[in-house]
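In the text below, chain A, chain B and the rest are named by the order of the sequence lines, each starting its count at 1.
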Number of protein chains: 2
Amino acid sequence: MYLRALTGLAEGGTTTCSSEELAASAGVNSAKLRKDLSYLGSYGTRGVGYDVEYLRYQIAREIGVTQDWPVVIVGIGNLGHALANYSGFRSRGFRVVALLDADPDRHDEVVAGLDVRSFEDLESIVTEDAVAIGVIATPAVAAQSVADRMVAAGITSILNFAPTVLTVPEGVDVRKVDLSIELQILAYHEQRKSGLPTAEVTA
Amino acid sequence: MYLRALTGLAEGGTTTCSSEELAASAGVNSAKLRKDLSYLGSYGTRGVGYDVEYLRYQIAREIGVTQDWPVVIVGIGNLGHALANYSGFRSRGFRVVALLDADPDRHDEVVAGLDVRSFEDLESIVTEDAVAIGVIATPAVAAQSVADRMVAAGITSILNFAPTVLTVPEGVDVRKVDLSIELQILAYHEQRKSGLPTAEVTA
DNA sequence: AGGAGTTTGTGAACGGGAGAACAAAACGGG
DNA sequence: CCCGTTTTGTTCTCCCGTTCACAAACTCCT
Ligand SMILES: NC(=O)c1ccc[n+]([C@@H]2O[C@H](COP(=O)([O-])OP(=O)(O)OC[C@H]3O[C@@H](n4cnc5c(N)ncnc54)[C@H](O)[C@@H]3O)[C@@H](O)[C@H]2O)c1
Ligand SMILES: NC(=O)c1ccc[n+]([C@@H]2O[C@H](COP(=O)([O-])OP(=O)(O)OC[C@H]3O[C@@H](n4cnc5c(N)ncnc54)[C@H](O)[C@@H]3O)[C@@H](O)[C@H]2O)c1
């Protein structure tokens, strides 16, 4: 988040900023920001603030996005198309190297300049391009088997969009994005707002 | 998450389950599950477990997804198309009532059986259909102004896909989904795995 | 050179979620 | 009808992230 806020500030022409300003851009408390940055080192100057470009580089280096990370996307349906076409990944240090789908009818397609290839090509692509990160955008029933194949092929980080709990060996990281749950959380608060105006006092 | 796990169990024909089973399906610790459920009430039976269908209804009622929530999606580009076509929302208590875009060229399109309409129609749609939840899938630069219009129109919950911090009045809930940050988190752990094999011991 | 003003870095207090552990409750079998 | 077994509901403890508050450090102006 700080990285993005810094990029925004840099584009706006700011060269130096205080923890207060940066925290506001990132939408967090300034004390939290300073503590977070302190874990990386002491990159600010007391009485002055942080050099935007310098701090940006330091955070990028710490996260590991100074190099480009190759990524494969599996499941080129509605969501897979959107992800493949998204330019924001490229500019943030990620490069989509392959789009895979189990459906042969999809293999004629070209999406975002890349051929949609057979899922059977997974192993060779992962090996050749040293891919460590895989994205799963298949239906939920297929997600676990896709994850298993990914892990067997050598992928050690998975971003999962399918609404399922994935089981993976130790050493493999999984993060999930679950849009329905996000909406459910909003609905819950919405219900409380309209439903019980006096409930907050009681509870 | 529990709701989804219960739905899965019910589809598999299970009528009763222990906290241990349900926790495994949802991917959490069984003590945590029991504590979470205890906040809703005492819906289990000691020595037996939980009635799947009964508990499912109780959770759905608590969250507020027994009724249908109308939703508008603004920004029908790559991501907006995918969201509009996603059937999972409907089955989880959400109904997309309108697709809005600022680009007049989009207004000819029909996506998932709905006309893409002008962003100017926002206010009338929100009023007529009593829409409380809005989804933002526009470019980042437009997100804040779209959010402002939504709030002014009466929307009180926003799901934001644009990589920006939104500022909204008190009483309005915002949740954000940020795919680049998810990938960055994976990249960070990936770098640590391959980079410093002895770092974990040291740190 | 020195003091006033700013802003960082961090120690300490706070709050809350997660897990271990156990008592209370329900069921079944004798 | 009572006792052993199973499983929930809850308490207690631990741990980690967040925030407050302040001393240390830097700049600028006189
Ligand atoms: N579309 C959305 O906006 C959205 C929102 C939230 C969650 N999701 C989730 O994301 C996933 C994808 O959604 P979608 O709408 O793109 O679905 P989709 O049906 O449009 O696309 C799924 C694609 O995966 C492919 N596929 C199926 N099995 C496969 C396998 N074993 N290996 C490789 N590819 C396989 C299919 O051929 C298809 O092209 C689903 O799990 C869905 O629940 C989607
Ligand atoms: N595509 C993805 O997979 C993806 C992934 C992560 C994040 N995002 C984010 O989601 C957002 C949308 O991405 P996209 O790829 O669909 O972009 P896109 O450019 O394909 O679509 C954006 C749409 O928003 C419309 N729009 C622009 N300004 C508007 C306004 N003021 N009011 C109403 N509509 C307006 C445009 O006409 C266009 O149709 C972006 O902020 C992007 O960063 C997208």
Open item on the list: Please report whether the ring centroid of B/Y54 lies less than 6.0 Å from that of B/Y43.
Closed with: yes
B/L33 CG to D/dT7 P, in whole Å, measures 14 Å
Distance-only donor-acceptor check, side chains B/Y86 and A/N78, under 3.5 Å:
no
**Message:** Measuring to OP1 and OP2 of C/dT7, would you say a side-chain N or O of A/S19 lies under 4.0 angstrom away?
**Reply:** no
Ignoring hydrogens and angles, state whether a donor on the side chain of A/T164 or A/Q144 is under 3.5 Å from an acceptor on the partner side chain.
no
Picking from C/dT8, C/dG9, D/dT7, the nucleotide nearest the side-chain atoms of B/R46 would be D/dT7
Counting any heavy atom closer than 4.0 Å, what does B/Y39 reach on the DNA or RNA strands: base, sugar-phosphate only, or nothing? nothing
Assert: residue with more 5' nearest nucleotide on DNA chain D, out of A/V28 and B/G41, is B/G41
Atom CD of A/E20 and atom C1' of C/dG5 are separated, to the nearest Å, by 16 Å
Rounded to whole Å, CG of A/L22 lies from P of C/dT6 at a distance of 20 Å
> Do B/R61 and B/T66 have side-chain atoms, one donor and one acceptor, less than 3.5 Å apart?
Replying inline: no
Point to revise | Stepwise salt bridge (Lys or Arg N to Asp or Glu O under 4.0 Å) check, B/D173 with A/K193 | key: CA-CA 10 Å; B/D173 285 304; A/K193 283 185 223 168; 3.3 Å; yes
B/L37 CG to C/dG17 C1', in whole Å, measures 16 Å
Margin query: Can you see whether B/F89 has B/R95 sitting over its ring - NZ or CZ less than 6.0 Å from the centre and within 45° of the normal?
Written below: no
Practice task
Check whether any side-chain N or O of B/K32 sits under 4.0 Å from OP1 or OP2 of C/dA18, and answer yes or no.
Solution key: yes
Atom pairs under 3.5 Å: protein N/O with N/O of nucleotides 12-16 of chain D:
{"residue": "D/dC12", "atom": "N4", "partner": "B/K35", "partner atom": "NZ", "Å": "3.2"}

B/L55 CG to D/dT8 C1', in whole Å, measures 12 Å
Does B/S42 make a side-chain N or O approach to OP1 or OP2 of D/dG9 shorter than 4.0 Å?
yes
side-chain N/O A/Y50 vs C/dG9 OP1/OP2, d < 4.0 Å: yes
On DNA chain D, more 5' by nearest nucleotide between B/A31 and A/T45 is B/A31
Atom CZ of A/R34 and atom C1' of D/dA24 are separated, to the nearest Å, by 13 Å
A/N29 vs D/dC20: side-chain N/O to OP1/OP2 distance below 4.0 Å:
yes
Set out, in order, the CA-CA distance, both residues' side-chain angles and the distance that settles side chain to side chain donor-acceptor pair (under 3.5 Å) for B/E53 and B/T15, then state yes or no. CA-CA 7 Å; B/E53 200 47 50; B/T15 59; over 6 Å; no
